Colleague: 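The structure under discussion is supplied below as structure tokens; questions concerning it will follow.
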Amino acid sequence: MKRLVFLIQTPMGASVEPQESLDAVLAGSAFANCALIFLGLGVTQLRRSERSDFRKDFNRGFRALSDFEIDDIFYCEAAARDHGLLDHELIVEARSLSPNAIRQQIIDAHAVMSF
Amino acid sequence: MKRLVFLIQTPMGASVEPQESLDAVLAGSAFANCALIFLGLGVTQLRRSERSDFRKDFNRGFRALSDFEIDDIFYCEAAARDHGLLDHELIVEARSLSPNAIRQQIIDAHAVMSF
Amino acid sequence: MILHQFNQPGVLDRHRQYLGKGDAILLIENAVFDHVLLDELEVAERYVLTTDLERRGLMLKSQAIQKLSVTEWVALAARAQQCISWS
Amino acid sequence: MILHQFNQPGVLDRHRQYLGKGDAILLIENAVFDHVLLDELEVAERYVLTTDLERRGLMLKSQAIQKLSVTEWVALAARAQQCISWS
Amino acid sequence: MQFSLLIQGSPTSSQSLYSAYEFANAALAQGHRIQRAFFYQDAVLIGNKLIATPQDEFDIQSAWQALGKAHQIPLVLCVASCLRRGILDDREAERFEKSATSIAETFEIGGLGQLIDASLESERLITFRP
Amino acid sequence: MQFSLLIQGSPTSSQSLYSAYEFANAALAQGHRIQRAFFYQDAVLIGNKLIATPQDEFDIQSAWQALGKAHQIPLVLCVASCLRRGILDDREAERFEKSATSIAETFEIGGLGQLIDASLESERLITFRP
């Protein structure tokens with residue numbers, strides 16, 4: 001199976017983009033080996049929140065990832081540090097990657113989509 | 001006549017927002033004493049450009065300001081410095097204001113609209 | 001008093017020069033990601049919208065910053081001489 | 001070679017850590033306002049889209065940065081192993 | 001106190017329609033008045049009757065319609081912004097020879113004069129940026 | 001070479017539809033192929049037939065339609081994005097009991113599978129961010 005990498009850069013909260021990017025990843029999982037990488041402001045999507053009144057409940061959205069057998073969920077360690085994201089706050093099991101390792105993920109992919 | 005201040009913060013180029021903010025100012029001039037203040041990335045709207053293929057021709061848009069007798073066109077001196085905007089590049093006659101003077105314009109206005 | 005509202009991250013710094021003594025700053029929407037940057041802006045009252053913090057799973061760290069309900073936001077806007085939205 | 005495209009101002013700094021030696025950076029749309037920031041990114045080939053510079057009335061100051069036509073952009077994208085859009 | 005709202009952001013890519021909705025609700029609950037909500041730029045997209053919000057999501061369009069009806073708040077979509085974005089009432093559809101209308105009930109199409117009037121006649125104008 | 005385009009930004013608040021259009025034109029002029037243009041998120045707003053672009057402005061919708069026709073490029077609007085934003089074809093209008101359709105000719109509505117297929121089957125995928 002070809003490898004698709006999804007780079008997630010949009011912050012959690014204001015727009016429907018986080019949800020629409022997740023939809024794209026789920027669609028990808030049927031045809032490809034998919035990896036999700038959260039970086040920049042995108043790491044804020046990984047922080048669990050108790051209030052999801054306006055946008056769709058993200059706890060549920062992220063749970064779907066494992067239902068679709070998407071296990072390669074990564075985040076940029078530098079971006080997580082910048083945004084004070086702590087391990088115990090994570091909404092889903094995700095592994096931290098160095099910027100270099102992220103670069104390697106990009107190189108090894110068949111295609112990369114940015115959100 | 002009441003005083004309306006329009007704060008213009010949107011950069012020139014990508015969106016129709018510069019044009020739509022100009023339309024609001026022109027509409028305001030019929031009912032109020034209007035001032036335009038360009039600041040932040042908004043000062044980039046004041047730079048004359050020779051290429052206006054996608055968005056409406058801004059040279060024309062700005063000429064309309066004097067037709068509507070809007071003379072209070074200001075820009076933030078600090079923002080102009082940040083963006084390397086030089087006097088001879090200005091698309092329209094505009095006066096520079098210090099951040100303090102801009103604050104005073106805001107205080108003296110009946111209402112302030114941001115774009 | 002001017003109420004300065006911010007709704008985008010990364011723009012607080014660009015507009016801090018327009019703040020005056022006794023003004024109020026309110027962070028809403030994605031600007032709440034910048035709440036830690038409020039610490040140094042001692043010239044103004046500093047507020048963050050509670051609901052928007054909660055939506056993003058964030059908690060305030062500094063004692064100097066106050067959380068604001070939407071009801072309190074309305075009261076603050078009514079008390080302000082002018083409400084400005086920066087972005 | 002990875003082609004890193006930027007279309008927003010103010011984000012170059014956030015993503016520079018993903019640049020590798022021999023990569024290319026291209027500024028388009030409102031990212032062209034940041035063209036002066038390219039000077040220090042010597043690790044990569046540095047390009048700015050000419051049409052987007054012209055639309056904003058900008059001129060390049062540095063010799064180290066190259067202007068690119070849309071045709072050349074296509075060629076650069078074809079030459080790249082991967083094209084990434086950052087924002 | 002009399003407020004007016006200037007709302008500029010898109011329903012999908014910004015939070016501005018949600019923030020303004022919360023603000024309006026809280027203001028009304030405290031006995032303030034909302035003189036007018038003026039939807040400008042991408043915010044006019046809220047007035048498209050063809051939107052089909054997924055059932056498990058908050059329906060911001062219906063929320064605004066209910067608020068407007070309950071408190072007689074004029075919900076004004078800027079006509080120029082609407083034309084650019086394909087939000088048409090009968091009159092505009094006819095004028096531009098378009099085959100359908102798309103404006104949702106409770107919203108009305110109006111000119112920029114209504115924004116200027118709101119800014120001049122109300123005590124506070126709150127801008128909700130994209 | 002075979003390119004596919006993923007376009008995400010709104011026609012009014014971003015330049016992405018314009019940049020992608022220029023890119024596609026230049027690629028075709030050099031003998032490359034555009035396998036598919038996939039419009040996602042706010043970019044689907046380009047497919048609203050009710051848009052009335054002011055006469056003195058570049059009509060980006062017509063430009064895309066002409067390009068799609070001339071080079072047989074599928075212009076695919078994501079169905080989920082369309083529903084949220086009120087871009088409907090006959091089938092969706094009927095399914096959601098809406099009174100009108102709004103999709104402009106030359107555009108077609110399709111699923112996310114078409115984006116995934118484009119990314120897997122073309123040699124370069126170029127993303128045009130909002």
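Order of the sequence lines sets the chain letters (A, B, ...), proteins ahead of strands, with each chain counted from 1. In this text the structure is predicted, and so the values were computed from the model without any measurement.
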Colleague: Relative to chain D, which segment of F/Glu22 carries a heavy atom at a distance below 4.5 Å: side chain, backbone, both, or neither?
Modeller: both
Colleague: How long is the span from the OG1 atom in D/Thr71 to the CD atom in F/Gln30, to the nearest 0.5 Å?
Modeller: 5.0 Å
Colleague: Select one option (side chain, backbone, both, neither) describing which atoms of F/Arg129 are under 4.5 Å from chain D's heavy atoms.
Modeller: both
Colleague: Can you tell me if D/Lys67 has over 12 outside heavy atoms packed within less than 6.0 Å of its NZ?
Modeller: no
Colleague: What part of D/Thr51 gets within 4.5 angstrom of chain F, counting heavy atoms only: side chain, backbone, both, or neither?
Modeller: side chain
Colleague: Of all heavy-atom pairs between D/Ala77 and F/Phe3, which one has the smallest distance, and what is that distance?
Modeller: CB-CE2, 4.2 Å
Colleague: Most heavy-atom pairs under 4.5 angstrom with chain F, which of D/Leu3, D/Asn30, D/Leu49, D/Asp52?
Modeller: D/Asp52
Colleague: How many angstroms lie between CZ in D/Arg55 and OH in F/Tyr18, if you round to the nearest 0.5 Å?
Modeller: 10.0 Å
Colleague: Select, from F/Glu123, F/Met1, F/Arg124, the one with the greatest count of heavy-atom pairs under 4.5 Å involving chain D.
Modeller: F/Arg124
Colleague: I need the residue from D/Ala75, D/Cys83, D/Ala78 with the largest number of non-hydrogen atom pairs under 4.5 Å to chain F.
Modeller: D/Ala78
Colleague: What is the distance from atom OG1 of F/Thr127 to atom CG of D/Asn7, rounded to the nearest 0.5 Å?
Modeller: 10.5 Å
